Amino acid sequence: MDSKVARLPLFGGPRAWHAADWTSTDDRVRGGSSHSHMSCSPASLVARFHGHLDITTLGGAGFASQQTTGEDRIWDLSRYDGLELHIARGDDKLYTITLKDEAVPKRPDGSQESTLSWEYDFHAHGEKRIFIKWADFKPTYRGREQQDATPLDLSGVKRISFMLRSFFGIQEGDFSLDVVSVAAVRFKYYRDDPEEDEEYVLVDEKLGTVSDPQKARGWLSWVGECCGLS
């Protein structure tokens with residue numbers, strides 16, 4: 001009646017958070033006034049994605065985002081079933097985690113070109129673990145879902161980002177999301193009925209450590225029409 005989950009830490013957990021791993025991509029690149037920060041350090045167990053979402057400058061639209069740095073970073077997640085977000089606390093706003101499998105070119109003015117993204121929206125309030133299957137990431141271009149997109153290249157993920165967007169005026173103002181860790185997970189089932197909730201053990205393949213059993217939780221999914229971000 002038990003199962004195990006192989007866990008590859010990407011940020012946090014046994015991997016220290018570093019501020020240099022993140023950079024802001026806010027609506028200021030399009031004339032907006034929103035701003036975001038990723039407050040973290042190797043000594044901290046939690047990274048705080050926070051800032052202010054302004055919707056007045058762009059007439060109801062707006063976004064604030066922190067994305068990974070480095071044009072040559074590549075994560076091979078092809079052996080895993082999805083991502084696990086361990087949230088310490090949130091403000092119940094609707095956040096988005098985004099994956100990209102191609103480098104984002106820049107325009108002459110320094111802003112980024114628009115490219116295909118894979119997005120998943122989630123609410124955060126209190127401590128929780130959110131499991132996101134790869135199939136739950138929706139391909140989007142400038143915030144609009146694409147029906148015939150090329151599948152995400154899981155062997156070559158090049159960018160990960162957290163974002164808060166206005167959803168055309170639905171949310172605005174100060175925001176704060178505390179993240180304990182981001183990890184890729186692979187499930188190994190050892191029973192006939194994998195539909196029920198069950199105990200599992202997190203296995204760190206890199207460090208060889210095993211955490212205390214946790215209770216598996218279901219997936220959350222909220223998808224809405226939203227303003228674009230490269």
Side-chain angles (χ1 to χ4, degrees), residues 9-13 15-19 21-30 32-41 43-69 82-99 117-133 136-138 140 143 159-183 185 214-230:
L10 304 179
F11 300 97
R15 297 278 188 268
W17 288 96
H18 295 277
D21 287 333
W22 302 90
T23 186
S24 62
T25 306
D26 305 324
D27 60 22
R28 288 177 292 175
V29 300
R30 298 181 180 174
S33 302
S34 301
H35 60 84
S36 69
H37 310 275
M38 186 70 85
S39 298
C40 56
S41 72
S44 175
L45 298 178
V46 176
R48 183 178 177 227
F49 172 47
H50 62 106
H52 183 82
L53 183 65
D54 174 84
I55 65 172
T56 60
T57 306
L58 297 178
F63 60 84
S65 174
Q66 287 284 318
Q67 65 182 25
T68 51
T69 57
L83 284 187
E84 175 201 74
L85 303 181
H86 185 178
I87 306 299
R89 67 181 58 86
D91 50 18
D92 207 30
K93 287 184 168 63
L94 184 59
Y95 290 86
T96 302
I97 184 169
T98 301
L99 305 179
S117 301
W118 280 262
E119 300 182 351
Y120 179 82
D121 300 327
F122 63 95
H123 278 288
H125 182 71
E127 183 177 5
K128 65 183 351 178
R129 292 179 186 265
I130 302 173
F131 297 90
I132 314 168
K133 297 177 293 184
D136 289 336
F137 283 91
K138 304 302 181 183
T140 64
R159 181 157 292 169
I160 302 171
S161 64
F162 287 95
M163 177 169 57
L164 183 78
R165 50 163 61 103
S166 69
F167 290 96
F168 297 104
I170 294 177
Q171 52 189 13
E172 62 178 310
D174 294 339
F175 64 89
S176 180
L177 176 69
D178 289 355
V179 185
V180 178
S181 63
V182 180
V185 293
Q214 303 288 334
K215 192 70 176 177
R217 300 183 182 179
W219 291 272
L220 302 176
S221 181
W222 293 267
V223 178
E225 185 179 9
C226 47
C227 71
L229 176 66
S230 300

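For the numbers below, each heavy atom of this structure counts, side chains included, while hydrogens, waters and symmetry mates do not. Keep in mind the model is a prediction, meaning the values are calculated, not measured.
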>> Within the 3.5 Å criterion, strictly below it, is a donor on Ser176 or Arg48 matched to an acceptor on the partner's side chain?
In response: yes
>> What's the separation between atom CZ in Arg28 and atom OG1 in Thr57, rounded to the nearest 0.5 Å?
In response: 11.0 Å
> Are Ser36 and Gln66 linked by a side-chain donor-acceptor pair shorter than 3.5 Å?
Replying inline: yes
> Can you find a pair of side-chain heavy atoms, one from Leu85 and one from Ile132, that are under 4.5 Å apart?
Replying inline: yes
>> For a side-chain contact (heavy atoms from CB on, under 4.5 Å) check, start with the C-alpha distance between Ile97 and Leu83, then their side-chain angles and the critical distance, and finish with the verdict.
In response: CA-CA 10 Å; Ile97 184 169; Leu83 284 187; 4.1 Å; yes
> Do Glu84 and Ile130 have side-chain heavy atoms sitting under 4.5 Å apart?
Replying inline: no
> Taking all non-hydrogen atoms of both residues, which atom of Ala64 and which atom of Ser34 are closest, and how far apart?
Replying inline: CB-CB, 4.3 Å
> Checking Lys138 side chain against Ser117 main chain: does a donor-acceptor pair fall under 3.5 Å?
Replying inline: no
>> If you compare all heavy atoms of Gly62 against all heavy atoms of Asp27, which two are closest, and at what distance to 0.1 Å?
In response: CA-OD2, 3.2 Å
>> Parallel, tilted or perpendicular: which one describes the rings of Phe162 and Trp22, with boundaries at 30° and 60°?
In response: tilted
> Passes side-chain contact (heavy atoms from CB on, under 4.5 Å), Leu10 versus Arg15? Steps please.
Replying inline: CA-CA 7 Å; Leu10 304 179; Arg15 297 278 188 268; over 6 Å; no
> Which atom pair, heavy atoms only, marks the closest approach of Thr68 to Arg159?
Replying inline: OG1-CA, 3.5 Å
> Looking at residues at least two apart in the chain, or sitting in another chain, which of them share a ring-ring contact (aromatic ring centres under 6.0 Å, His included) with His37?
Replying inline: His35, His50
>> I'd like to check Thr98 versus Phe137 (side-chain heavy atoms, cut-off strictly below 4.5 Å). Are they in contact?
In response: no
> Strictly by modelled atom types, are Glu119 and Thr140 linked by a side-chain donor-acceptor pair under 3.5 Å?
Replying inline: yes
> Under the side-chain contact (heavy atoms from CB on, under 4.5 Å) criterion, do Arg30 and Phe63 qualify, and how do the steps go?
Replying inline: CA-CA 10 Å; Arg30 298 181 180 174; Phe63 60 84; 4.0 Å; yes
> How long is the gap from CG on Asp178 to SG on Cys40, to the nearest 0.5 Å?
Replying inline: 11.5 Å
> How far apart are the closest heavy atoms of Asp26 and Ser65, and which atoms are they?
Replying inline: OD1-N, 2.9 Å
> Distance from Met38 atom CE to Thr69 atom OG1, nearest 0.5 Å?
Replying inline: 11.0 Å
> To the nearest 0.5 Å, how far apart are CG in Leu53 and OG in Ser33?
Replying inline: 10.5 Å
>> Does any part of the side chain of Phe122, heavy atoms only, come nearer than 4.5 Å to the side chain of Ile87, both counted from C-beta?
In response: yes
>> With rounding to the nearest 0.5 angstrom, report the NZ to CG distance, Lys93 to Asp174.
In response: 7.5 Å
> Are any of the side-chain heavy atoms of Ile160 and Leu99 separated by less than 4.5 Å?
Replying inline: yes
> When rounded to the nearest 0.5 angstrom, what is the spacing between NE2 in His18 and CG in Asp21?
Replying inline: 6.5 Å
>> Can you confirm whether the side chains of Thr96 and Asp121 place a donor and an acceptor under 3.5 Å from each other?
In response: yes
> Considering all heavy atoms of both residues, which atom of Val179 and which atom of Trp17 are nearest to each other, and what is their separation?
Replying inline: O-CZ2, 3.5 Å
> Can you tell if the side chain of Thr23 reaches within under 4.5 Å of the side chain of Gln67, non-hydrogen atoms only?
Replying inline: yes
>> Please enumerate all residues that pass ring-ring contact (aromatic ring centres under 6.0 Å, His included) together with His86, with sequence neighbours excluded.
In response: none
>> Could you report the tightest heavy-atom contact between Leu94 and Leu164, atom names first, then the distance?
In response: O-CD1, 3.3 Å
